[in-house]
Amino acid sequence: MSTTGNGKLSGKVAIVTASTEGIGFAIAQRLGIDGAHVVVSSRKQANVDKAVSTLHEKGCSVMGITCHVGKDQDRENLIAKTVEKFGGIDILVSNAAVNPTVGGVLDCPPGIWDKIFEINVKNALQLTQLVVPHMQKRKGGAIIYVSSIAGFHPMPVLGAYSVSKTALLGLNKAVAHQVACDNIRVNCLAPGVIETKFSSALTENPALVDKMLEQIPLGRLGRPDDMAGLVSFLVSDDASYITGESFIAAGGMQSRL
Ligand code: NAP
């Protein structure tokens, strides 16, 4: 039985990038359960097929499209196929990111710096440029950028990545201002340390985990599902007066006042 039509996102069309596992998958699942038609995507067809099948089993209205966010044609195809299938776009969750290096910001080679900023920031902007005209046609929409607590408080071993996540906080504000007149709201999610493949180098090292837990008042690492309800709220009409804001979901880790 389809859950579409019952939830607070009923009838909305949502694209979530990098959504075949981890935080993106948890968000896609929640948006689907809350009634949206969801488009899941990532680079590998097998991962897309698996995510689609899992979400179908949960009763979600879902379509899968392979999309490497760094490829112009893939981004364009993602948007075109979504509009063809569901008739428009109401929600974009820009979730894809890379971190191909470990080390301080001064130690980052220029090619790696460019790659990080291309995927984490430039491609998020390019996707936004593609979806905004469709949201304007629908007289509104909601965009979420997935940043990181490291965007507020740079992690020494994730120097360049942290700065790219800070850049997303700025992109969030700039886009929010520009599209507010079109009734498009734009907000940022900044997760703490969440147990996924992406963070496994940190979360599968018991000594590091113990050190991190000392800084997490809730006393545990985050789970992808911990991110999903906040995003569903932010893209729903319940958040109708919230735009240009950044929300930290990090178990109480120190970030800002
Ligand atoms: P994850 O569990 O490792 O999942 C990564 C997903 O991204 C997979 O579905 C993967 O599928 C897809 N993907 C990877 N590169 C892609 C690309 N170039 N284009 C499209 N899809 C791509 O990662 P995660 O931890 O959920 O991270 C998601 C977001 O949360 C990232 O923006 C990350 O910076 C942010 N974040 C994570 C944490 C954390 O602790 N985990 C903390 C703060 C922020 P394919 O292999 O099929 O492409």
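In listed order, ligands and their atoms are each counted from 1.
Contact atoms of ligand 1 toward Ser199: 39 (C), 40 (O), 41 (N) (distance under 4.0 Å to a heavy atom of the residue). Interface of Lys197 with ligand 1, defined as ligand atoms under 4.0 Å from a residue heavy atom, comprises 2 (O), 3 (O). Remark: ligand 1 atoms within the under-4.0 Å shell around heavy atoms of Asn47 are 45 (P), 46 (O), 47 (O). Against a heavy-atom cut-off of under 4.0 Å, Gly22 is close to the following atoms of ligand 1: 2 (O), 26 (O). Near Lys44, the atoms of ligand 1 lying under 4.0 angstrom from a non-hydrogen atom of the residue are 46 (O), 47 (O).
None of Asn172, Asn120, Thr128 except one satisfies the side chain to side chain donor-acceptor pair (under 3.5 Å) rule with Tyr145; the exception is Thr128.
Contact between Lys165 and ligand 1 is present, with at least one heavy atom of the residue lying under 4.0 Å from the ligand. At least one heavy atom of Cys67 sits closer than 4.0 Å to an atom of ligand 1. For Ser147, the closest heavy-atom approach to ligand 1 falls below 4.0 Å. Note on ligand 1: Ala190 sits outside its first shell, no heavy atom being nearer than 4.0 Å. In this structure, Thr17 has no heavy atom closer than 4.0 Å to ligand 1. Heavy-atom separations between Tyr161 and ligand 1 include at least one value shorter than 4.0 Å.
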Review point. Does the side-chain hydrogen bond (donor to acceptor under 3.5 Å, both in side chains) test come out yes or no for Ser236 and Lys12, once each step is laid out?
Key: CA-CA 9 Å; Ser236 77; Lys12 302 285 185 196; over 6 Å; no
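In this structure, the protein non-hydrogen atom closest to atom 38 (C) of ligand 1 is Gly192 O, 3.9 Å. In terms of protein heavy-atom proximity, atom 40 (O) of ligand 1 is closest to Ile194 N, 2.8 Å. At the top of the distance list for atom 6 (C) of ligand 1, counting protein heavy atoms only, stands Ala18 O, 3.6 Å.
Residue Phe198 has at least one nitrogen or oxygen atom sitting less than 3.5 Å from a nitrogen or oxygen atom of ligand 1, judged on distance alone. Residue-to-ligand polar distances keep Pro191 apart from ligand 1: every N/O pair is separated by 3.5 Å or more. Looking at ligand 1, you'll find an N or O of Ser42 within less than 3.5 Å of one of its N or O atoms. The distance criterion of under 3.5 Å between nitrogen or oxygen atoms is met by Val69 with respect to ligand 1.
Two residues are said to be in side-chain contact when any heavy atoms from C-beta on lie closer than 4.5 Å; Ile149 and Met253 meet this criterion. Contact of the Val235 side chain with the Leu9 side chain is registered, since non-hydrogen atoms from C-beta on lie closer than 4.5 Å.
Centroid-to-centroid, the aromatic rings of Tyr161 and Phe198 come within less than 6.0 Å.
In this structure, the side chain of Thr17 does not engage the main chain of Ser94 through any donor-acceptor pair within 3.5 Å. Looking only at distances, a side-chain donor or acceptor of Ser19 sits under 3.5 Å from a matching main-chain atom of Ser41. In this structure, Arg75 contributes its side chain and Val69 its backbone to a donor-acceptor pair below 3.5 Å.
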Check: residues 212-229 side-chain donor-acceptor pairs under 3.5 Å, at least two apart:
| residue | atom | partner | partner atom | Å |
| --- | --- | --- | --- | --- |
| Arg220 | NH1 | Asp226 | OD2 | 2.8 |
| Arg220 | NH2 | Asp226 | OD1 | 3.3 |
| Arg220 | NH2 | Asp226 | OD2 | 3.4 |
| Asp226 | OD2 | Arg223 | N | 2.7 |

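Contacts of Thr20 with ligand 1, taken as heavy-atom pairs under 4.0 Å, involve both backbone and side chain.
In the displayed structure, His68 atom NE2 is contacted under 6.0 Å by more than 12 heavy atoms of other residues, nucleotides or ligands. By the 6.0 Å contact criterion, CD on Gln178 is open, its count of non-hydrogen atoms from other residues, nucleotides or ligands being 12 or less.
Across every non-hydrogen atom of Gly151 and Thr166, the tightest pair is O-OG1, 2.6 Å. Among all heavy-atom pairs drawn from Leu78 and Cys67, the shortest one is CD2-SG, 3.9 Å.
With atom 14 (C) of ligand 1 as the reference point, the heavy atom nearest to it among Lys71, Glu21, Arg43 is part of Arg43. When the options Thr66, Val146, Thr196 are ranked by their closest heavy atom to atom 25 (O) of ligand 1, first place goes to Thr196. Here atom 26 (O) of ligand 1 lies nearest to Ile23 when heavy atoms of Val193, Asn99, Ile23, Asn95 are compared.
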